[in-house]
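One structure below.
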Amino acid sequence: MAKYNNFKKLTADFYLNPDVIEVAQLLLGKVIIKKDSQTTRYARVVETEAYAGAEDRASHAFQNKRTARTETMFEKGGTAYVYLCYGMHYLLNVVTNKRDIPHAVLIRAIEPLFDTSISSTKSKRKTGSGPALVTKYLGIDMNHNRKSFLSSDLFIADDLFIPQNISSSPRIGVDYAGEAAQWPYRFFITGHPHITPSPYNQ
DNA sequence: GCGCCGATTTGCT
DNA sequence: GCAAATCGGCGCG
């Protein structure tokens, strides 16, 4: 299974990129690898959203707002930002840029790889097709907040997969963010079956 | 197939 | 008190 793929773990440089928009696009097609004592899970990233820090009203860290929750976003690039959404869902972000610049990329959808236990029923929503479903599949919760993506049990790798086409759209669920709500900071592999349901998918 | 609604906790006003 | 980077279930037709 996985051993037939040539996974190359992303290094610190990738995460320190000062252009969070570019990182959001570059993460498409990469593979998240998550290990615990029971299982190892592999997931292809197929949808992301960029959150551009102090100037981005949709970001938790708008105007460099620091709270117990947002403090993780000010860590250096390559840190995992996990937070509880709507009181019940964990959402996974990849912090980017250098320390004290709160850029982050939300992982909105993944495609599980090498997982034979997933049923292929057509009527259901696909596994990993939504930011809360990403963490549910990978088994990520608040214990993973502030963890490094340079560690051996949680990291992202390049297996030379290249997305055919990338589309963009406004971000989902940020209508409160004024002008920033229109910014085309959501990116997805065009036509991929695991992207989240949205009128923008077309 | 679509739209409404509840769940449940955090962080602001 | 209320809205939030959401999801699944239910009712409708």
Side-chain angles (χ1 to χ4, degrees), chain A residues 15 20-25 27-28 32 43 45-75 77 79-97 101-112 118-147 149 156 167-189 192-202:
Chain A
Y15 301 103
V20 67
I21 307 302
E22 182 177 49
V23 179
Q25 294 170 299
L27 279 171
L28 292 177
I32 302 177
V45 178
V46 301
E47 178 179 339
T48 60
E49 279 177 1
Y51 284 85
E55 302 81 39
D56 183 355
R57 197 164 169 186
S59 171
H60 293 159
F62 178 53
Q63 295 176 329
N64 286 320
K65 180 170 52 184
R66 284 178 186 260
T67 66
R69 180 175 68 165
T70 68
E71 197 57 37
T72 306
M73 299 184 82
F74 294 85
E75 288 283 351
T79 302
Y81 170 44
V82 182
Y83 79 97
L84 185 62
C85 184
Y86 293 99
M88 57 174 69
H89 302 301
Y90 302 109
L91 270 58
L92 173 66
N93 295 254
V94 178
V95 175
T96 70
N97 213 324
I101 299 184
H103 288 177
V105 176
L106 171 67
I107 307 299
R108 280 196 59 86
I110 53 93
E111 173 195 6
I118 293 175
S119 63
S120 57
T121 31
K122 272 197 167 177
S123 51
K124 276 192 310 202
R125 189 164 170 174
K126 301 227 178 296
T127 304
S129 181
L133 300 177
V134 168
T135 55
K136 185 181 174 191
Y137 178 72
L138 292 172
I140 286 172
D141 57 27
M142 291 311 289
N143 290 321
H144 304 278
N145 185 39
R146 223 160 176 158
K147 200 170 159 54
F149 280 109
I156 304 177
S167 300
S168 67
S169 85
R171 291 169 291 184
I172 308 294
V174 297
D175 296 340
Y176 58 88
E179 190 181 305
Q182 308 304 320
W183 297 351
Y185 283 7
R186 171 177 176 247
F187 302 98
F188 53 97
I189 298 178
H192 195 284
H194 282 249
I195 60 178
T196 58
S198 159
Y200 298 118
N201 294 351
Q202 194 267 110

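Reckoned from all heavy atoms, side chains included, excluding hydrogens, waters and symmetry mates.
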Inset, instruction - Consider the side chain of A/M88, meaning its heavy atoms from C-beta on, and name the nucleotide among C/dA5, C/dC7, B/dT8 that approaches it most closely. - result: B/dT8
Inset, instruction - Measure from the side chain of A/A132, starting at C-beta and using heavy atoms only, and say which of C/dA5, B/dC12, C/dC7 lies closest. - result: C/dC7
Legend entry - Protein-nucleotide distance (A/M73, atom CE; C/dA5, atom P), rounded to Å: 11 Å
Legend entry - Spacing of A/L133 atom CG relative to C/dA5 atom C1', expressed in whole Å: 14 Å
Legend entry - More than 12 heavy atoms from other groups under 6.0 Å of NZ on A/K147: yes
Legend entry - Any A/R125 side-chain nitrogen or oxygen under 4.0 Å from OP1 or OP2 of C/dC7: yes
Legend entry - Separation of the P atoms in C/dA5 and B/dC2, to the nearest angstrom: 25 Å
Inset, instruction - Mind calculating the distance between CD (A/E47) and P (C/dT6) to the nearest angstrom? - result: 10 Å
Inset, instruction - For nucleotides B/dT8 and C/dC10, find the distance between their P atoms and express it as a whole number of Å. - result: 16 Å
Legend entry - For DNA chain C, stems built from three or more consecutive Watson-Crick or G-U wobble pairs below 3.5 Å: B:1-7 with C:6-12, B:9-12 with C:1-4
Inset, instruction - Ignoring hydrogens and angles, state whether a donor on the side chain of A/Y81 or A/H60 is under 3.5 Å from an acceptor on the partner side chain. - result: yes
Legend entry - A/Y176 side chain near C/dA5 phosphate (N/O to OP1/OP2, under 4.0 Å): yes
Inset, instruction - Establish, yes or no, whether the cationic atom of A/R108 lies under 6.0 Å from the six-membered ring centre of A/F188 and within 45° of the ring axis. - result: no
Legend entry - For atom CZ of A/R57 and atom C1' of B/dC12, their distance in whole Å: 14 Å
Inset, instruction - May I ask you to decide if A/E111's main-chain N or O and A/H194's side chain share a donor-acceptor pair within less than 3.5 Å? - result: no
Inset, instruction - Return the 5'-most residue of the pair A/T196, A/G87 with respect to DNA chain C, ranking by each residue's nearest nucleotide. - result: A/G87
Legend entry - Distance in angstrom units between A/L84 CG and B/dA7 P, rounded: 16 Å
Inset, instruction - Take the protein atom CZ of A/R69 and the nucleotide atom C1' of B/dT9, then report the distance between them rounded to whole Å. - result: 10 Å
Legend entry - Lys/Arg N to Asp/Glu carboxylate O, A/R171 vs A/D56, below 4.0 Å: yes
Inset, instruction - Can you figure out which of B/dT10, C/dT6, C/dG8 approaches the side chain of A/H89 most closely? - result: C/dT6
Inset, instruction - Grab the CG-C1' distance between A/L91 and C/dC7 for me, whole Å please. - result: 11 Å
Legend entry - pi-stack flag for A/Y86 and B/dA7, centroid dist under 5.5 Å, interplanar under 30°: no
Inset, instruction - Answer yes when A/R186 and A/E47 have at least one side-chain N-carboxylate O distance shorter than 4.0 Å, and no when they do not. - result: yes
Inset, instruction - Have a look at A/N93 and tell me which of A/T72, A/L106, A/V105, A/I107 forms a side-chain contact (heavy atoms from CB on, under 4.5 Å) with it. - result: A/L106
Inset, instruction - Kindly state whether the ring of A/Y51 and the ring of A/H103 have centres lying under 6.0 angstrom apart. - result: no
Inset, instruction - Send over the distance from A/N145 CG to B/dT9 P, rounded to a whole Å. - result: 18 Å
Inset, instruction - Considering just the side-chain nitrogens and oxygens of A/R108, establish if one lies under 4.0 Å of OP1 or OP2 belonging to C/dT6. - result: yes
